Structure formats: structure tokens, C-alpha cells
Amino acid sequence: MEITAREFKTYLKNVITMVESEKDYLCELDRKIGDGDHGITMSIGFQAVRENLDHELAEETDCSKISISVGKTFLNAVGSSVGPLYATGFMRGAKQIKKKEVLNDQDVIAFWIAFGNGVKERGRAEIGDKTMVDTFAPFVDALEANGKGAEDLSTIFREAVTKAEEGMHSTKKLISKKGRSSRLGDRSIGAQDPGATSAYFLLVTFLALIEDLTQKAG
Amino acid sequence: MKKLVNSPVDVVEEMIEGYVMAHSDYMSQLPTNKRSLVTKKTDKNRKVGVLIGGGSGHEPGFMGYVGQGMADGVAVGNIFASPSPDPILEVTKSIDQGSGVAFLFGNYAGDVMNFGMAAESADLEEDIEVRKALGTDDVASAPKEEKEKRRGIAGEFFIFKATGAAADFGYELNDVMRVAEKANAQTRSMGVGLTPCSLPQTGEPSFEIGDDEMEIGLGHHGEPGIEKGKLESADRVAERLVQDILADEPLTGGDEVAVLVNGLGSTPRMELYIVYRRVQQLLNELGISIYRSYVGDYITSLEMGGCSVTIMKLDEELKQTVDHPVDCPMFVQR
């Protein structure tokens with residue numbers, strides 16, 4: 001499969017739409033264990049990305065430059081803890097696809113492995129801490145295990161996103177160990193982590209792009 | 001909840017615009033970043049720059065404490081969200097006089113990452129020495145043996161005040177940081193929430209609480225505290241807060257302290273003074289004398305109802321910092 005810069009931008013625009021439609025849900029999740037603004041933060045960040053895509057990046061065809069610019073724009077718009085986490089993801093991902101105008105299967109896999117690992121490093125969180133790492137880590141593990149295999153990207157990515165979804169759901173039964181919600185102790189049990197949820201939205205939106213492109217090709 | 005705003009997405013920008021317009025004799029906004037504000041008034045003895053910052057919604061925290069005797073500059077984040085590294089770095093470049101810059105902020109995951117990234121850039125790209133001191137005064141947020149995990153709440157005011165004074169004394173960066181860290185180590189706070197606030201963008205209450213309930217140990221972004229219970233009298237609440245603070249750091253007869261009773265946004269001064277009254281009685285009964293007291297809205301959470309009590313144990317040096325005059329738009333001490 002080949003993903004062009006234009007399609008990469010389509011993905012980002014789909015994320016913007018996704019974030020807008022799930023904004024209230026993310027805030028509702030965050031009110032249970034945090035300060036209730038995760039949806040707003042994601043929206044502020046991706047609205048800034050939309051501006052960026054419409055203007056500075058309108059003619060950009062280098063996927064890594066797009067990813068770097070998206071990361072920086074998101075970070076500057078939101079700060080917060082989400083800003084450095086997702087920005088690091090986009091920057092580390094960009095490193096894997098330097099100067100590429102078209103991404104092949106291995107580029108996509110390398111991008112997302114670096115993205116997930118970048119978030120984990122920046123946040124210094126581990127699996128089980130009830131953070132977005134609970135979504136990213138099993139996703140990255142699945143990509144690493146199956147990424148070199150014979151299956152097509154669509155199958156590999158779908159399996160990895162299934163692991164991400166399981167990871168997201170697993171945060172419900174966890175006690176938070178990072179961020180503001182970690183002060184809650186046992187009271188954080190039962191609530192799904194908002195960061196793990198927005199991370200899943202980022203991934204499932206990319207899966208939708210891959211499936212859409214696969215269908216068109218088929 | 002009702003809000004006097006134009007559009008929820010513009011609240012931070014419009015607040016900053018109004019603030020700089022109202023206090024143009026004190027403040028300037030850097031042309032390089034609209035979230036970067038610096039003082040126009042600096043003590044001539046000061047060598048080390050003092051930078052504060054954090055989310056907005058805590059006014060007078062944090063921009064209200066930029067001025068003579070306190071901070072040289074502030075980076076302003078979105079509501080209850082850390083500023084990004086860019087405005088922090090721009091303030092750093094602007095206030096550095098060649099002797100380094102002290103970063104003062106509360107211990108929150110977002111602030112730690114963003115201020116950390118800005119400090120790295122200041123070092124690598126600008127060759128400015130930056131040191132960080134984090135506020136960890138909230139005794140309700142983690143047990144004593146995990147003090148480094150505690151969040152910063154109203155006690156940050158004392159850290160800003162002590163550090164600003166140390167900078168005005170002409171101290172070098174090492175000594176400024178020693179004072180900042182001592183101020184934090186000697187400062188403990190605990191709060192109580194009565195009513196939630198709401199973010200302008202959602203209008204939803206930040207936490208749920210019954211009409212007859214209070215939340216002990218509430219964080220100043222509406223993070224749940226350690227227990228929810230029936231609302232009690234001001235005296236009982238003051239006793240509970242003081243008791244937990246003293247359990248964490250025992251004080252003995254003859255000790256001198258500074259006390260802050262801080263309103264969270266919508267609690268009247270009347271109630272704050274009623275709480276203060278009992279705090280002073282309790283401390284005096286133990287033979288502890290109050291060297292200086294502060295009562296009012298110092299670090300708020302939008303229109304949240306409730307208050308916090310902060311006690312800083314003083315030595316001779318911290319007494320000097322407490323006495324040091326301050327002239328800021330939202331806080332003046334002669």
C-alpha cells in the first residue's frame with residue numbers, strides 16, 4: 001500500500017472531525033478522574049492543526065515535515081500534558097519517514113512504532129499506569145511482532161488496533177499512577193482513562209484510512 | 001453556569017489583553033509570544049530572573065504576581081493547563097541578565113514536561129542556565145513519604161514571594177534556588193471544596209457535590225480530595241485542615257509561621273476571616289506565633305467555592321523574605 005502526503009493530510013483532517021464529535025465524551029471521561037478538559041484540549045490542539053493544514057502545510061508534500069509541523073502546532077496550542085505527549089509522538093514518527101512523499105507499509109509501521117514509543121518515553125509511564133500508554137504499548141507490541149510478516153498492512157494494523165482497544169478498555173479497572181488522577185488512588189477504579197481513549201481515536205482513524213485505501217485499490 | 005465572556009475560545013487571550021491594557025505601567029507582552037508577559041519594574045540589585053507560570057483560571061495566580069519583589073515574567077497557559085514550551089522560553093530569554101533564571105511552578109505532569117522542555121531549549125539553544133523549583137505543598141495529595149508526588153496549591157504564593165525576595169537581595173542562582181526549595185519544604189497546605197467551578201468551554205461543573213456536602217483535600221482544579229462528608233462549621237473545618245497540616249509537619253511552641261487563608265474564587269472574605277480566626281486560635285494555643293498573615297483570594301479556581309489553609313514555618317532568612325515589599329498589579333505589600 002502507498003499513502004501519499006495528501007492522504008496523510010486526509011487522515012489528520014479525519015482526526016480533527018473525530019475529535020470534534022467526541023469532544024464532549026472525552027470531557028465527560030475526564031470529569032470523573034481529572035479536571036474535565038481533555039476533550040477541550042484535544043479540540044484546541046487539532047483546531048490549530050486544521051489552520052496549519054489549510055495554510056502553512058497546504059502545499060507541503062513531505063510527510064515528515066507535515067508530521068513535525070503538526071506536532072509543534074499541537075504543542076504550542078495546548079501545552080498541558082497532552083501537548084508534549086502527542087507532539088513527541090508526531091516528532092518521533094517524523095524521524096522514521098524523513099523526506100518521504102509517499103509512505104509504504106514499512107514506513108507506516110515504523111512511524112507508528114516510533115510514535116507510540118515516543119509518547120511512552122516522554123510520559124515515563126508503563127503499562128498499567130492508567131494512561132495513553134495502555135493503548136499505545138500493546139499496539140506497538142503487535143506492530144513489532146507482526147510488522148515483518150507476510151500479511152498485508154490492513155490486517156496487521158487492524159490486529160494492532162484491536163490490541164489498542166483492549167488496552168483502552170483495560171484502564172477501567174486500573175488504579176491511576178500518573179498525572180492528576182493518580183492522587184485519587186482507588187477512587188480512579190471504574191473510570192476509563194481519557195488519554196487512553198483519545199489515543200485509541202487517533203489509531204482507529206488511521207485504520208479507517210488504511211481500510212478505505214485498501215478498498216479503493218481492491 | 002453563567003459567565004461574563006464573549007466567546008469561550010477567546011477567554012485567555014482577551015483576559016491577557018485586558019490585563020496588559022489595565023496595567024501598562026507594570027506589564028508588557030512580548031512581541032514574540034502573546035502568552036509571554038514580563039515586568040517593567042525590576043529591583044536594581046536583582047541578578048537572577050524569576051519565571052513563574054501555569055494554567056490560567058487561578059487569577060491572581062500567576063500573572064498577578066509579576067512585578068517588583070516577585071516574578072520577572074510569566075508564561076500563561078490555557079485554563080488549568082500548563083503553558084507550552086515556547087512562551088516559557090521567550091520569557092526566559094527576555095528576563096535573563098546573564099546570571100540564570102529560576103523556574104517556579106506547581107508539581108503537575110503537564111507543567112513538569114513543558115517547563116522541562118523549555119529548560120532544555122534554554123540550555124542548548126540559548127546557553128541560559130535554568131533551575132527549577134516545584135511547589136509540592138498540598139498534604140492531601142500524597143502521603144508524607146511520597147512528598148515529591150504532591151501537587152502545588154496556594155502555598156506556591158509563599159514560594160514566589162520568598163524566591164522573588166531572594167533575587168532582590170542580589171543572591172546568585174544557587175542561593176535563590178536554595179531559598180525557593182527551603183520555602184517549599186517549609187510550606188504545607190490543605191483545602192476544602194464546597195461548590196465546583198465550570199470551564200467556560202463546557203459549562204459543566206468540575207465535580208459533583210451535594211448541597212450539604214464538602215470535599216476535604218480538594219485540588220485546585222477540582223480534582224477530588226481525600227474524602228467527601230457533610231458540611232461542617234468553619235471552626236470544625238479549620239481544625240481539620242490545621243490538624244492534618246500539623247500531623248504532616250509538627251510545630252512546637254516558640255515556632256514562628258506565616259499563614260495564608262486562600263479563597264478558591266467565590267468564597268466571601270467574611271467566611272475566610274471566620275476560618276482565619278480559628279486557625280490563629282489553634283496555633284496560638286500551641287504556643288506558635290503568627291509572624292505574618294494573608295487572607296484573601298491568592299490562587300483561585302475560577303468561581304470554585306471553598307478555601308485552603310497554608311502554613312510556612314519560618315527561620316530568620318524566610319522572615320526577611322516574608323517582610324520584603326512587593327509591588328505587583330494584583331498584590332502589594334509595603
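Worth saying up front: this structure is predicted, and the values here are computed from it rather than measured. Proteins get letters first, then strands, A, B, ... in listed order; numbering begins at 1 in each.
- When heavy atoms are compared at a cutoff of 4.5 Å, B:Pro205 approaches chain A solely by way of its backbone atoms N, CA, C and O.
- Annotation: side-chain hydrogen bond (donor to acceptor under 3.5 Å, both in side chains) contacts of B:Lys230 (sequence neighbours excluded): B:Asp212.
- Among A:Ala77, A:Gly36, A:Pro84, A:Gly34, the residue with the largest count of heavy-atom pairs under 4.5 Å with chain B is A:Pro84.
- Of the atoms belonging to B:Ile88, not a single heavy atom falls under 4.5 Å from chain A.
- For the set B:Gly55, B:Gly110, B:Cys197, B:Pro8, the count of heavy-atom pairs under 4.5 angstrom toward chain A peaks at B:Gly110.
- At a 4.5 Å heavy-atom cutoff, A:Ala87 makes no contact with chain B through either its backbone or its side chain.
- Interface remark: of the candidates B:Pro85, B:Gly217, B:Ala75, B:Pro85 forms the most heavy-atom pairs closer than 4.5 Å to chain A.
- Judged as a side-chain contact (heavy atoms from CB on, under 4.5 Å), and not counting sequence neighbours, the contacts of B:Cys307 are B:Val192, B:Leu272, B:Val275.
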Geometric donor-acceptor pairs, no angle filter, chain B-chain A, under 3.5 Å:
residue  : atom : partner  : partner atom : Å
B:Asn78  : ND2  : A:Ala77  : O            : 3.0
B:Phe80  : O    : A:Arg180 : NH1          : 3.4
B:Phe80  : O    : A:Arg180 : NH2          : 2.9
B:Ser82  : O    : A:Ser80  : N            : 2.8
B:Ser84  : OG   : A:Asn76  : O            : 3.4
B:Ser84  : OG   : A:Asn76  : OD1          : 3.3
B:Asp86  : OD2  : A:Asn76  : ND2          : 3.1
B:Asn107 : O    : A:Arg183 : NH2          : 3.1
B:Asn114 : ND2  : A:Ser80  : O            : 2.5
B:Lys149 : O    : A:Arg183 : NH1          : 2.0
B:Glu215 : OE2  : A:Arg187 : NH1          : 3.4
B:Glu215 : OE2  : A:Arg187 : NH2          : 3.1
B:Gly225 : O    : A:Arg187 : NH1          : 2.9

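- Applying the side-chain contact (heavy atoms from CB on, under 4.5 Å) test to B:Ala154 and every residue at least two apart in sequence or in another chain returns B:Leu260, B:Asn262, B:Ser308, B:Thr310.
- B:Phe80 touches chain A through backbone and side chain together, each having a heavy atom under 4.5 Å away.
- A:Leu75 touches chain B through backbone and side chain together, each having a heavy atom under 4.5 Å away.
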